[in-house]
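Structure record follows, encoded as structure tokens.
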Amino acid sequence: MKKYLIEVFRLTSEKLDYLKDIDLILTVPALAKHGDFSTNVAMLLTKKLRRNPKEIANEIISELVYDKNIIEKIEIAGPGFINFYFSPLYVTKIVKDIVESKDEFGRSKKHAGKKAIVEFVSANPTGPLTVGHGRNAVYGDTVANMLEWVGYSVDREYYFNNAGRQMRVLGESVKFRYLELLGQTLEFPEDHYQGEYIKDIAKGLIDQYGNKLVDEPADGIFKATAEQEIFKDIENTLKSLNIKFQNYFNENSLYESGKIKELLKIFAERNLSYEKDGATWLKLTELGNEMDKVIVKSTGEPTYRLPDIAYHTTKFDRGYDLIIDIFGSDHNATYPDVMAGLRSLGYDTDKVKVLIHQFVTIMQKGEVVKMSTRKANFITLDELVGEVGGDVVRYFFNMRGISSHLNFDLELAKTQSDENPVFYLQYAHARISSIFRMTKGEELQLSVENLDLLTSEEEQNLLKKLHQFQEEMLYSAESFESHRITAYLEELAALFHRFYTQCRIIGSEKKLAEARIALCTATQTVLRNGLKILGVSAPDKM
RNA sequence: GCGCCCGUAGCUCAACUGGAUAGAGCAUCAGCCUUCUAAGCUGAGGGUUAGUGGUUCGAGUCCACUCGGGCGUACCA
């Protein structure tokens with residue numbers, strides 16, 4: 001419907017010059033009586049043309065050339081909105097498109113041929129993923145799905161660091177538990193990792209090696225085994241949420257390949273860095289940021305900025321057109337330094353989109369749970385998936401805009417999971433499957449020959465919502481807003497449930513029944529396609 | 001102090017990027033199953049959009065200030 005209107009306006013702008021350089025905004029009005037689509041162009045032009053909006057609207061309408069079989073009525077309303085009403089017959093045509101395109105319906109080729117990389121999760125292997133990581137993981141994977149849906153070829157990447165202090169402490173923590181389990185009494189350091197999982201890893205080592213490792217350094221087999229086990233857990237957790245990475249990028253490889261040294265050399269050569277107090281500083285003030293920052297400590301160890309910049313240069317060098325980083329809000333101060341560094345090297349940082357999501361607050365028994373991996377008072381993502389299931393977790397984290405702080409009430413998630421909107425969507429899908437099982441026995445078949453019979457209010461509203469799918473997906477993908485998809489699907493499911501209650505199939509006249517089967521098929525296809533982008537399953541039975 | 005984010009119904013959140021009467025779910029109340037799944041449908045109540053000013057045809061949305069909350073503000077990542 002919208003595409004048709006845009007074309008009509010394009011043709012009209014050849015006659016009315018003032019329409020040429022205006023941004024045509026067509027929206028679906030909140031109220032049905034305001035039509036199927038509405039535009040405010042006349043109001044936007046008042047200032048420029050110094051004329052009354054209604055007068056302008058009248059002039060535009062009189063020049064519009066359109067097919068009366070498609071648009072039934074055009075009205076001017078309120079302060080100068082132009083409202084369009086489509087013909088019921090045209091509205092029904094969407095069913096044919098959907099039935100023909102099936103799983104491909106709603107895709108867009110707009111960004112075909114472009115490559116994107118989405119970096120997310122990127123948690124270092126020091127412990128299991130927390131509920132907090134869950135938001136990052138689910139959102140990142142959904143962004144990747146959305147981009148694929150509109151034509152991008154997407155790589156999902158997990159960046160990690162298995163060197164440095166954190167990992168040393170991890171190895172020591174495991175060794176402590178190992179010695180404890182062998183009967184030694186030790187005082188476990190408070191700043192070490194205290195989670196049960198550390199004991200499990202230590203226990204595994206005893207099962208395999210007995211007490212032969214007593215003299216091994218913490219940095220050796222203890223650390224290595226911990227990393228391996230933890231990564232295995234992380235991968236399993238992600239798998240339970242349908243998330244799979246194409247690539248795990250080890251920060252260490254940047255040192256091994258000489259990338260870090262190379263970068264330091266370039267910064268020095270271009271006079272972008274300097275030495276002070278035994279450390280190397282990057283001249284960020286010259287690059288427009290507030291203060292210079294250390295990139296190599298006086299100990300000779302680089303700070304996170306240097307490898308981060310190096311890492312990003314590899315993303316550019318690998319030829320991505322769109323580079324997406326997904327971070328929690330605790331990183332919001334770090335990326336401007338990295339971006340400035342990249343700009344100074346001549347990279348076009350417009351290609352980089354840093355998407356920062358706010359934190360998840362866990363509420364338990366009415367209180368906020370403070371979480372720390374070290375103290376092990378976190379709630380793992382695994383536990384959450386175990387309690388409510390992967391579909392609910394995926395849906396829940398996709399339901400909200402990323403800039404809003406998210407309250408996750410554990411009791412609510414557990415006890416009222418039946419009321420979760422995800423079931424509402426899945427139920428609509430399952431109901432349609434059930435219809436098909438029943439109609440098969442009645443020898444009714446899908447037919448797109450008599451779609452003109454779909455004239456009831458419930459049918460027309462459902463059809464109009466189906467028309468919006470492709471555009472909604474494109475908009476969601478381009479604005480990286482997965483919560484728009486959940487909102488759309490909830491509206492679609494609501495319209496279907498209303499249709500279901502009001503319009504029977506079995507018992508209706510054959511032609512009408514078969515047209516309704518086509519409508520159900522179309523609805524189910526759109527529900528399934530939408531759920532697929534969200535990474536949520538579409539069951540045939542519930 | 002400074003930077004980013006947030007403040008909308010009892011609770012959790014939307015609001016098509018400045019549009020028409022601010023919407024959903026949960027919770028509460030009242031109805032609807034001899035017919036394709038009642039995990040559903042219909043209806044009711046619930047709001048000074050934290051506050052005060054401003055910008056304009058028009059503000060939850062933009063600007064300024066105030067109040068309240070989250071995350072940062074390292075030679076930690």
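Letters A, B, ... are given to chains in the order of the sequence lines, protein chains preceding strands, and every chain is numbered from 1. What you see is a predicted model, and the numbers here were worked out from it, not measured in a lab.
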Practice task
Using salt bridge (Lys or Arg N to Asp or Glu O under 4.0 Å) as the criterion, point out the one residue from A:Arg498, A:Lys464, A:Lys465, A:Arg484 that pairs with A:Glu491.
Solution key: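 Exactly one pass, corresponding to A:Lys465.
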
Practice task
Assign A:Gly278 to base, sugar-phosphate, or nothing according to its heavy-atom contacts below 4.0 angstrom with the strands shown.
Solution key: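 The residue A:Gly278 makes no contact with any strand.
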
Practice task
Would you indicate what A:Asn289 reaches in the nucleic acid, counting non-hydrogen atoms under 4.0 angstrom: base, sugar-phosphate, or nothing?
Solution key: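 Here A:Asn289 touches no strand at all.
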
Looking at the base of [N], is there any donor atom on it, or on the side chain of [X], that sits under 3.5 Å from an acceptor on the other one?
| X | N | result |
| --- | --- | --- |
| A:Thr303 | B:A77 | no |
| A:Ser298 | B:C75 | yes |
| A:His405 | B:C5 | yes |
| A:Asn40 | B:A20 | no |

Practice task
State which residues pass ring-ring contact (aromatic ring centres under 6.0 Å, His included) with A:Tyr248; sequence neighbours excluded, sorted by chain then number.
Solution key: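 Partners of A:Tyr248 by the ring-ring contact (aromatic ring centres under 6.0 Å, His included) criterion, ordered by chain and then number, come out as A:Tyr158, A:Phe231, A:Phe245.
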
Practice task
Return the set of residues passing ring-ring contact (aromatic ring centres under 6.0 Å, His included) with A:Tyr395 (not counting sequence neighbours), or none when no residue passes.
Solution key: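 For A:Tyr395, no residue satisfies ring-ring contact (aromatic ring centres under 6.0 Å, His included) once neighbours in sequence are set aside.
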
Whole-angstrom distance between [N] and [M], as gauged at atom [atom1]:
| N | M | atom1 | answer |
| --- | --- | --- | --- |
| B:U66 | B:G72 | C1' | 23 Å |
| B:U56 | B:C67 | C1' | 28 Å |
| B:U49 | B:A20 | P | 15 Å |
| B:G23 | B:G45 | C1' | 16 Å |
| B:C4 | B:A39 | P | 49 Å |
| B:U28 | B:C11 | C1' | 12 Å |
| B:C16 | B:C5 | C1' | 22 Å |
| B:G10 | B:C57 | P | 35 Å |

Measure from the side chain of [X], starting at C-beta and using heavy atoms only, and say which of [options] lies closest.
| X | options | answer |
| --- | --- | --- |
| A:Ile506 | B:C71, B:C36, B:U17 | B:C36 |
| A:His483 | B:U73, B:A14, B:U35 | B:A14 |
| A:Arg484 | B:A20, B:C16, B:A77 | B:C16 |
| A:Ser479 | B:U17, B:C71, B:C75 | B:U17 |

Nearest-Å distance, [atom1] ([X]) to [atom2] ([N])?
| X | N | atom1 | atom2 | value |
| --- | --- | --- | --- | --- |
| A:Phe327 | B:G70 | CZ | P | 24 Å |
| A:Phe396 | B:C26 | CZ | P | 14 Å |
| A:Lys293 | B:C75 | NZ | P | 8 Å |
| A:Asn420 | B:C26 | CG | P | 10 Å |
| A:Glu472 | B:U17 | CD | P | 11 Å |
| A:Leu425 | B:G25 | CG | C1' | 12 Å |
| A:Arg400 | B:G7 | CZ | C1' | 16 Å |

For nucleotides 40-45 of chain B, print each protein N/O atom paired with a nucleotide N/O atom at under 3.5 Å, atom names and distance only.
from  : atom 1 : to       : atom 2 : distance (Å)
B:G40 : O2'    : A:Arg431 : NH1    : 2.9
B:C41 : OP1    : A:Tyr424 : OH     : 2.5
B:C41 : O4'    : A:Thr501 : OG1    : 3.4
B:U42 : OP1    : A:Arg498 : NE     : 2.7

For residues 294-304 of chain A, which side-chain N or O atoms pair as donor and acceptor with protein atoms under 3.5 Å away, sequence neighbours left out?
from     : atom 1 : to       : atom 2 : distance (Å)
A:Thr299 : OG1    : A:Glu301 : N      : 3.3
A:Thr303 : OG1    : A:Val294 : O      : 2.8

Handout entry: Ring-on-base stacking B:A20 with A:His34 (under 5.5 Å, under 30°)
Key =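 A:His34 vs B:A20: stacking yes.
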
Handout entry: Which residue lies more 5' along RNA chain B, comparing A:Asp292 with A:Asn83 via nearest heavy atoms
Key =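 Nearest-nucleotide comparison on RNA chain B picks A:Asn83.
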
Handout entry: Position toward the 5' end of RNA chain B (nearest nucleotide), A:Met43 or A:Glu301
Key =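 Comparing both residues, the 5'-ward one is A:Met43.
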
Exercise for the section: May I ask you to list the residues of residues 512-523 of chain A, by number, that have any heavy atom positioned under 4.0 Å from an atom of RNA chain B? Expected result: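 RNA chain B contact set from residues 512-523 of chain A: none.
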
Problem - Duplex segments of RNA chain B, taken as runs of at least three Watson-Crick or G-U pairs that stay under 3.5 Å - result: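 As far as RNA chain B goes, consecutive pairing (with distances under 3.5 Å) yields the stems B:1-7 with B:67-73, B:10-13 with B:23-26, B:28-32 with B:40-44, B:50-54 with B:62-66.
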
